[in-house]
Amino acid sequence: MKKAKVYLSGPDRLKKNARELFEQYAALCEKYGFELLRYPDELFEASGSREDNERIARQRLQLLKNCDIIIADTADFRSYVEPYNEPAFELGAAFALGKKAYAYMPDTRVCAERYSGTKHLNDKGILVDENGISFEPGPLNLMLEYGVTAIVQGNLEDALKKASEDWQGGEQ
Amino acid sequence: MFIDKEGKLRKPVAYLADFEMFLPSCPETVKYWKSVCDKYGIIGLFPGEGGPIEPGENYWQRVFNHDYDWMKYCDFCIAQLDDWRGHECDSGTLFELGYFVALGLPSYGFYTGKKPMIERDIEKRLDKGIWYDKNGYMIEDRDYGFDNILALVKIADSFEEACKWARRDFDEQLVKAGYEPYKVEE
């Protein structure tokens, strides 16, 4: 049987040991019967020209088009209750392309519960943050929550496991 | 005006992907955005239009469906990419923007702050010439200021500039097809 192709989305490409990590992720994909679609190697570099940047982004979009499943790390990133920009964008792209999409995060409590800043009820009885801004109802923004196949509590391996069960169960 | 996929000449409809609905300033901002769109011959569509959605069973799913229906209806996207609760954009806005990009539809963003992440108010440290945030994630710098994948989007400094760019691109298409460009009234 042809292996399903997986596209990984998330901030781990920004880690110092990203190349090694993605080798491990490729092996993990293999373990669950998937083939990891590899980023262009230049993506692991810190800098480059604007032209190269655009070319790499176009190559990634093509990878996304070629994949069967996207698995996205949507843990809070550089903010209180928002994931890294790229998985949010790529999950939207995957939704448009009709791909199976899994978001994973270590803590799937709803945004208001995860929010570590100050919260209070406003004059309409709605829970808001210190700037008067209300919270999304679920663990992620509504568009992500309803635009993915599943949100998995845990890590990449947990998400791969769930995707593999679904894939083998014929949900593809 | 622009030429749609059926070859018809009409005003393009922009999906205004944004986080304004969470803010008290929403009505004034949306009114302003719509007036700017109008100036450039664009119909600006705020996702909240056509509401409110009746409370009840599957409310949030119906809210999602409502926005998705508008996304399918629109010809292109203009997205508000300012920081949201930290140093990332609003994830719902990005999801919608990614949708338009994947379908090959024109996509613009606007960011009114300091563009390069490296220049923003973020705790960072330098290690062998590379900047990392406090959690050890590299702050990439490819002469662009945003994460790599956002290179697929044209990001302006203001909402009006994004409309201007969209108008310029639509005008190019019009002229190529032998039509007059749209006359923007200052």
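Lettering follows sequence order; numbering is per chain, from 1.
Note that NZ of A:K16 and OH of B:Y132 are 5.0 Å apart. Values are rounded to the nearest 0.5 Å. The CD1 atom of A:I56 sits 5.5 Å away from atom CG of B:N148, with the distance rounded to the nearest 0.5 Å. Atoms CG and CG, on A:L14 and B:D133 in that order, are 8.0 Å from each other to the nearest 0.5 Å. Once rounded to the nearest 0.5 Å, the distance linking CZ of A:R60 with CG of B:L152 reads 8.5 Å. Rounding to the nearest 0.5 Å places SG of B:C89 at 10.5 Å from CZ of A:F89. Once rounded to the nearest 0.5 Å, the distance linking CZ of A:R13 with CE of B:M138 reads 6.0 Å.
By number of non-hydrogen pairs under 4.5 angstrom with chain B, the leading residue of A:E54, A:E82, A:R58, A:E90 is A:E82. The choice from A:L144, A:L61, A:N53, A:D129 that makes the most heavy-atom pairs within less than 4.5 Å of chain B is A:N53. Counting heavy-atom pairs under 4.5 Å between each of A:E145, A:E136, A:K65 and chain B puts A:E136 at the top. The most heavy-atom pairs under 4.5 Å with chain A, out of B:L81, B:L150, B:D90, B:V153, come from B:D90.
Counted within 6.0 Å of NZ on B:K164, heavy atoms from surrounding residues, nucleotides or ligands total 12 or fewer; the atom is thus considered open. The number of heavy atoms from other shown groups lying within 6.0 Å of CD (B:E185) does not exceed 12. The number of heavy atoms from other shown groups lying within 6.0 Å of NZ (A:K161) does not exceed 12.
Heavy-atom distances place both the backbone and the side chain of A:Y84 under 4.5 Å from chain B. The part of B:D127 that comes within reach of chain A is its side chain, from C-beta onward, which places non-hydrogen atoms under 4.5 angstrom from that chain. Interface residue A:L142: backbone and side-chain heavy atoms are both found under 4.5 Å from chain B. Interface residue A:S134: backbone and side-chain heavy atoms are both found under 4.5 Å from chain B. For A:Y39, no part lies near chain B; criterion is any non-hydrogen pair under 4.5 Å. Within the 4.5 angstrom heavy-atom criterion, atoms from both the backbone and the side chain of B:I139 approach chain A. Using a 4.5 Å cut-off between heavy atoms, B:W84 contacts chain A through both its backbone and its side chain. For a residue to count as touching a neighbouring chain, one of its non-hydrogen atoms must lie under 4.5 Å from one of that chain's; by this rule A:L43 touches chain B with backbone and side chain alike. When heavy atoms are compared at a cutoff of 4.5 Å, B:I130 approaches chain A solely by way of its side chain, counted from C-beta outward.
B:F100 and B:L103 end up in the same hydrophobic cluster when Ile, Leu, Val, Met, Phe, Trp and Tyr side chains are linked at under 4.5 Å. Using a 4.5 Å cut-off between side-chain heavy atoms of Ile, Leu, Val, Met, Phe, Trp and Tyr, with links allowed through other members, B:Y108 and B:Y32 fall into the same hydrophobic cluster. A:V128 and A:Y115 end up in different hydrophobic clusters when Ile, Leu, Val, Met, Phe, Trp and Tyr side chains are linked at under 4.5 Å. A single hydrophobic cluster is not seen to contain both B:Y137 and A:M105; linkage of ILVMFWY side chains at heavy-atom distances under 4.5 Å, directly or through other members, places them apart. With hydrophobic clusters built from ILVMFWY side chains whose heavy atoms lie under 4.5 angstrom apart, A:W167 shares a cluster with A:Y7.
Pairing each heavy atom of A:A96 with each of B:Y99, the nearest pair is CB-CD1, 3.4 Å.
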Distance-only check: which donor-acceptor pairs under 3.5 Å involve side-chain atoms of residues 20-30 of chain B, not counting sequence neighbours?
| residue | atom | partner | partner atom | Å |
| --- | --- | --- | --- | --- |
| B:E20 | OE1 | B:S25 | OG | 3.4 |
| B:E20 | OE1 | B:T29 | OG1 | 3.2 |
| B:E20 | OE2 | B:Q80 | NE2 | 3.1 |
| B:T29 | OG1 | B:S25 | O | 3.0 |

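Using bins of under 30°, 30° to 60° and over 60° for the plane-to-plane angle, the ring pair B:F95/A:F95 lands in the tilted bin.
Judged by distance alone, with hydrogens and angles left aside, the side-chain atoms of B:E88 form no donor-acceptor pair with the main-chain N or O of A:F77 at under 3.5 Å.
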(message) With side-chain contact (heavy atoms from CB on, under 4.5 Å) as the criterion, how do A:N85 and B:F146 come out once you've worked through the C-alpha distance, each side chain's angles and the decisive distance to 0.1 Å?
(response) CA-CA 9 Å; A:N85 283 340; B:F146 293 92; 5.6 Å; no
(request) Might you work through the side-chain contact (heavy atoms from CB on, under 4.5 Å) test for A:M143 and B:E96, ending with a clear yes or no? (result) CA-CA 8 Å; A:M143 299 310 290; B:E96 293 164 346; 3.5 Å; yes
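Residues of residues 55-74 of chain B lying under 4.5 angstrom from chain A, judged on non-hydrogen atoms, are B:W60, B:Q61, B:V63, B:F64, B:D67, B:Y68, B:M71 in numerical order.
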